[in-house]
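Atom set for the values below is all heavy atoms of this structure, side chains included, hydrogens, waters and symmetry mates excluded.
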Amino acid sequence: SGEGNRDQREIAMNRFAINYAREMIDEYGLHEHVSDIGKINAATSQSGINALKSYSSHLKNLGEPFTKLDKDELKDITGTDYYHGGIHTPGCLLFQPAAYIRGIAAGLLPGIQLYENSPVIKIENVKEGEASKSDIKKVLTTKGSVTAKNIILTVNGHLESFGYYQKRFMHIFLYGSMTRELTASEQQTLGGHAEWGITPANPLGSTVRKMKQGRIVVRNHITYNPERASSDAQLSTAGEKHDLAFQRRFPMLKDVEMEHRWSGHLCLSLNSVPVFGEIENGIFAACCQNGLGAVKGTLNGILIADYALGIKDEKTQSMIEDAMACKAPKKLYPEPFMSVGAKSRLWWGQIRAGRDL
């Protein structure tokens, strides 16, 4: 079917990005931050089990490998009997994102110059010379400036901060908490594998991960923040939800407290499309990854670099054409309807997540 072909095409592009990440991991020696253990989607209720049945049927129709996991098998992996059933799909990488990104940056040095903590305040055109008609760009920051003929913006939802695609992005914030490192005794009490990750059957449920360093991470709670910033109150509310989710899943770890809490910004478009291409003369963008930043950000980053440099690679050319063929992100609904609608939908979705939350 047409839908099946689209899904297979999407899978192939995602695998291209994952394989590219594998090459960077090998080249820059990042193996300690990455585990090739695939992905587990797990359910905590009958509605979640039903969702997984539908998912497994879809995978079967696509010819994709998967393994069903029952309650006992999930307990062997996670140490908790909270999950009723799951599906494991191979091929996905589980990584520590901050260490992974830092490792890539370190691997690129000294071949590139990297300027952190240098917020851009303006981009302006500068004539290259009296005899030349072509403009070059000058990027002004709080600490200096950089000039270049072309610029690639890979700033996700902050493309709007640069004045582009106003009122076309939904700015969503997710929240996470991480425990202190478990003691040897606590890890023995918990049992299970040294490292694992659970993605909830309900998309608005809790993502839970056990890190090989002996910490557990809980991610849930979603807010719509069109001002592109989260508040201390929102982080506090999220922390309460994380603590409850942790206690439900790990009652055997009563004395384990969260050591770190944070929020993260992602953006969505109403029609689930990215921004890709030359959005102004000499300014290219690959933004709005619609919540799939690890794989889509990697993929679109590869493609926009080839496109901006005029590289004709048979591996990427058709994917660039696909990206260029995407429609533009739709305009958001007018306020206050947009905010009221988005916040209400997120609230109701999290209520419906039930035990998955």
Side-chain angles (χ1 to χ4, degrees), residues 97-98 101 117-123 151-177 199-200 202-207 217-242 261-277 279-280 283-301 304 323 326-353 357:
I101 294 297
N117 303 313
S118 302
V120 174
I121 54 177
K122 189 178 181 182
I123 299 175
I151 294 170
I152 299 176
L153 296 175
T154 52
V155 291
N156 209 16
H158 275 293
L159 187 62
E160 201 173 40
S161 304
F162 285 79
Y164 300 103
Y165 291 88
Q166 297 293 312
K167 305 295 182 183
R168 290 178 185 265
F169 299 143
M170 294 179 284
H171 299 282
I172 304 296
F173 278 75
L174 305 183
Y175 301 81
S177 292
T199 301
N202 186 307
L204 296 183
S206 296
T207 301
V217 179
V218 177
R219 190 231 36 95
N220 67 40
H221 194 54
I222 305 177
T223 59
Y224 176 67
N225 295 26
E227 64 278 11
R228 301 191 293 278
S230 62
S231 67
D232 290 342
Q234 287 173 327
L235 187 58
S236 178
T237 297
E240 293 173 4
K241 293 178 181 290
H242 298 163
R261 302 192 195 273
W262 67 93
S263 65
H265 177 199
L266 61 85
C267 84
L268 314 173
S269 61
L270 279 176
N271 48 340
S272 300
V273 297
V275 171
F276 183 94
I279 58 175
E280 188 180 311
I283 297 182
F284 298 80
C287 299
C288 190
Q289 311 306 338
N290 287 285
L292 299 171
V295 66
K296 294 300 183 187
T298 300
L299 175 65
N300 291 331
I304 198 65
C326 282
K327 295 180 180 179
K330 286 183 179 179
K331 269 200 165 186
L332 302 182
Y333 302 111
E335 293 291 356
F337 304 107
M338 185 65 216
S339 289
V340 170
K343 291 175 181 180
S344 297
R345 187 168 181 176
L346 288 175
W347 173 81
W348 179 238
Q350 290 175 92
I351 294 293
R352 291 188 64 189
L357 192 64

Looking at side-chain heavy atoms only, is the closest gap between [X] and [Y] below 4.5 Å?
{"X": "Ile283", "Y": "Tyr164", "result": "yes"}
{"X": "Leu270", "Y": "Tyr333", "result": "yes"}
{"X": "Leu174", "Y": "Thr207", "result": "no"}
{"X": "Val275", "Y": "Pro329", "result": "yes"}
{"X": "Thr223", "Y": "Leu346", "result": "no"}
{"X": "Asn156", "Y": "Phe169", "result": "no"}
{"X": "Tyr165", "Y": "Cys288", "result": "no"}
{"X": "Asn300", "Y": "Pro274", "result": "yes"}

> Pairs in or reaching into residues 290-300: which pass salt bridge (Lys or Arg N to Asp or Glu O under 4.0 Å), with residues at least two apart or in two chains?
Replying inline: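 Qualifying pairs, neighbours excluded: Glu10-Lys296.
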
>> Does anything in residues 223-239 form a salt bridge (Lys or Arg N to Asp or Glu O under 4.0 Å)? List the pairs, not counting sequence neighbours.
In response: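 As it turns out, the salt bridge (Lys or Arg N to Asp or Glu O under 4.0 Å) pairs with a partner in residues 223-239, which skip direct neighbours, are Glu160-Arg228.
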
> Residues in salt bridge (charged side-chain N to carboxylate O under 4.0 Å, His left out) with Arg261, at least two apart?
Replying inline: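 If we apply the salt bridge (charged side-chain N to carboxylate O under 4.0 Å, His left out) test to Arg261, skipping adjacent residues, the hits are Asp243.
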
> Within a radius of less than 6.0 Å around CH2 of Trp348, do more than 12 heavy atoms belonging to other residues, nucleotides or ligands occur?
Replying inline: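 Counting neighbours around CH2 of Trp348, 12 or fewer heavy atoms of other residues, nucleotides or ligands fall under 6.0 Å, so no.
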
> What are the two closest non-hydrogen atoms of Ile279 and Ala285, and how far apart are they?
Replying inline: CD1-CB, 3.8 Å

> Name the one of Asn290, Leu292, Ile172, Ile222 that satisfies side chain to side chain contact (heavy atoms under 4.5 Å, CB included) with Leu266?
Replying inline: Ile172

> For the ring pair His242 and His221, is the centre-to-centre distance below 6.0 Å?
Replying inline: no

> So among His265, Gln234, Lys343, which one has a side chain to side chain donor-acceptor pair (under 3.5 Å) with Asn225?
Replying inline: Gln234

